[in-house]
Amino acid sequence: MIRTTTALLSVVFACMANAVMLEPVSIPAGGLSSSPAPLTAFLFQPVSPGPHPAVVMLHGCGGAYAKDGTLNARHRMWGEALAAQGYTALMLDSLGSRGIKELCTQKFSERKLKEADRRGDAYAALAYLRSRSDIDAKRIGLLGWSHGGGVTLDTITHLPMTGDGFAAAVSFYPGCTSKAKKTEAFHPYAPLLLLIGEADDWTPAAPCKSLAAAVAARGEPMWIVTYPDTYHDFDNPTLTRKRVRRDVPNGVNPGRGTTTAPNPEAREDAKLRVIAFLAEHLK
């Protein structure tokens with residue numbers, strides 16, 4: 001998926017207005033990712049000199065971009081927020097290099113790209129960041145939403161074949177159902193924070209709460225924050241009203257659609273919690 005120079009420049013200028021530098025980069029598969037071509041990514045960089053701690057960001061089933069081809073508002077918001085706190089944030093596109101537009105409208109059984117397939121993308125991004133002299137190689141975290149949140153759970157429980165993994169991870173509203181059925185097999189190797197809405201009918205909160213409780217009871221580093229009366233995609237700054245997506249075949253009620261809705265209060269609370277969590281484990 002090729003993005004136009006104009007689209008890229010519009011993102012760059014938007015971020016420069018917020019005192020954040022944005023740089024498009026190419027991530028080699030490097031024998032880690034299953035992508036047939038290098039992955040496209042974007043670096044949100046602090047204006048202060050490095051080396052900086054860093055965060056790899058993983059998009060959901062809809063991909064990294066808005067309808068106009070620029071990075072969508074949620075990814076810009078989080079990239080800018082992290083860069084303002086002194087992190088280099090790398091927004092990774094897992095779909096473009098594979099010729100996939102989106103996954104949301106596909107049934108789980110028909111998806112050609114599974115969450116486990118993207119684990120290699122995360123580790124390719126980690127290897128890339130560690131190759132840069134402006135990054136602190138020991139202080140790199142992982143942050144994902146929905147499908148990317150599930151990738152985060154998968155990644156943080158599977159160390160790379162060589163070297164160390166991520167130093168911390170944050171997962172927004174991931175699908176926890178299959179993992180909650182086998183809690184004895186879920187062992188995060190680094191601190192893990194999960195945030196989800198209690199009313200989420202796309203990726204329900206109950207399995208995530210069960211999973212987190214079982215992991216925490218073993219004394220392993222996992223925490224969960226749930227938000228009452230809050231739906232999927234609650235941190236998306238462009239959402240203005242509740243919407244039922246009839247085009248999504250998965251969710252709690254297959255065939256009846258899934259709900260997305262804004263919750264500005266939960267979004268701002270999540271920002272504070274994520275920044276505090278990352279500061280504790282990456283700084």
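This one's a predicted model, so the numbers in the text were calculated from it and none came from an experiment.
Proximity of Thr88 to Leu43: side-chain heavy atoms (C-beta onward) are separated by under 4.5 Å at one or more points. In this structure the side chain of Asn72 never reaches within 4.5 angstrom of the side chain of Thr238, judged on heavy atoms. A heavy-atom distance below 4.5 Å is found between the side chains of Ile275 and Leu82. Side-chain contact between Lys271 and Met77: present, with at least one pair of heavy atoms (C-beta onward) separated by less than 4.5 Å. You'll find the side chain of Gln85 stays beyond 4.5 Å of the side chain of Leu278, heavy atoms only. Between Trp145 and Met57, some side-chain heavy-atom pair lies under the 4.5 Å cut-off. Leu194 has its side chain within reach of Cys176: a pair of non-hydrogen atoms, C-beta onward, lies under 4.5 Å apart. Counting heavy atoms from C-beta outward, Leu95 and His59 have side chains that approach closer than 4.5 Å.
Taking every heavy atom of both residues into account, Pro188 and Glu220 meet most closely at CD-OE1, 3.8 Å. Nearest heavy atoms, Pro249 versus Cys104: CD-O, 3.5 Å. Annotation for Tyr189 and Gly165: closest pair OH-CA, 3.4 Å, computed over non-hydrogen atoms. Closest heavy-atom contact between Pro262 and Leu239: CB-O, 3.4 Å. For Gln106 against Glu102, the heavy-atom pair with the smallest separation is NE2-O, 2.9 Å. Heavy-atom minimum distance, Met91 versus Ala64: CE-CB, 4.3 Å.
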Validation: residues 27-35 side-chain donor-acceptor distances under 3.5 Å, sequence neighbours left out:
unit_1, atom_1, unit_2, atom_2, d
Ser33, OG, Ser35, N, 3.0
Ser33, OG, Asp121, OD1, 2.6
Ser34, OG, Arg98, NH2, 2.9
Ser35, OG, Ala37, N, 3.3
Ser35, OG, Ala37, O, 2.5
Ser35, OG, Ser97, OG, 2.7

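Thr105 and Asp247 share no side-chain donor-acceptor pair at under 3.5 Å. Between the side chains of Arg119 and Tyr123, no donor N or O sits under 3.5 Å from an acceptor N or O. With 3.5 Å as the limit, one finds no donor-acceptor pair spanning the side chains of His232 and Arg245.
Hydrophobic clustering of Ile, Leu, Val, Met, Phe, Trp and Tyr side chains at less than 4.5 Å, counting indirect connections, keeps Val248 apart from Phe172. Hydrophobic clustering, with ILVMFWY side chains joined whenever heavy atoms are under 4.5 angstrom apart, groups Val170 together with Ile224. Criterion: ILVMFWY side-chain heavy atoms under 4.5 Å apart, direct or through other members. Under it, Tyr227 and Trp223 are part of a common hydrophobic cluster. Under the 4.5 Å side-chain heavy-atom criterion for grouping Ile, Leu, Val, Met, Phe, Trp and Tyr, Leu193 is connected to Leu153 within one hydrophobic cluster. Under a hydrophobic clustering in which Ile, Leu, Val, Met, Phe, Trp and Tyr are joined whenever their side-chain heavy atoms come within less than 4.5 Å, directly or via other members, Leu159 and Leu282 fall into the same cluster.
A salt bridge does not link Lys138 with Asp136: every distance from a Lys NZ or Arg NE/NH1/NH2 to an Asp or Glu carboxylate oxygen is 4.0 Å or more. Between Asp233 and Arg74, at least one side-chain N (NZ, or NE/NH1/NH2) sits under 4.0 Å from a carboxylate O, which counts as a salt bridge.
Within the 3.5 Å criterion, the main-chain N or O of Pro228 finds a donor-acceptor partner in the side chain of Thr230. Looking at Thr157, its side chain does come within 3.5 Å of a backbone N or O of Asp154 through a donor-acceptor pair. Not a single donor-acceptor pair under 3.5 Å links the side chain of Asn253 to the backbone N or O of Arg256. Judged by distance alone, with hydrogens and angles left aside, the side-chain atoms of Arg139 form no donor-acceptor pair with the main-chain N or O of Ala167 at under 3.5 Å. Side chain of Asp269 to backbone of Ala266: no donor-acceptor contact under 3.5 angstrom is found.
Thr155 pairs by the side chain to side chain donor-acceptor pair (under 3.5 Å) definition with nothing, not counting sequence neighbours.
Applying the side-chain contact (heavy atoms from CB on, under 4.5 Å) test between Tyr231 and each of Asp200, Thr259, Thr260 identifies Thr259 as the sole match. When Thr40, Leu39, Val25 are each tested for a side-chain contact (heavy atoms from CB on, under 4.5 Å) with Leu92, only one passes: Leu39.
In this structure, Lys101 fails the cation-pi test against Tyr65, since its NZ or CZ atom is not both closer than 6.0 Å to the six-membered ring centre and inside 45 degrees of the ring normal.
More than 12 non-hydrogen atoms from other residues, nucleotides or ligands lie less than 6.0 angstrom from CZ of Arg218. Within 6.0 Å of atom CG in Asp134, more than 12 heavy atoms from other residues, nucleotides or ligands are found, so the atom counts as buried in its surroundings. Atom NZ of Lys283 sits in a crowded spot, with more than 12 heavy atoms from other residues, nucleotides or ligands closer than 6.0 Å.
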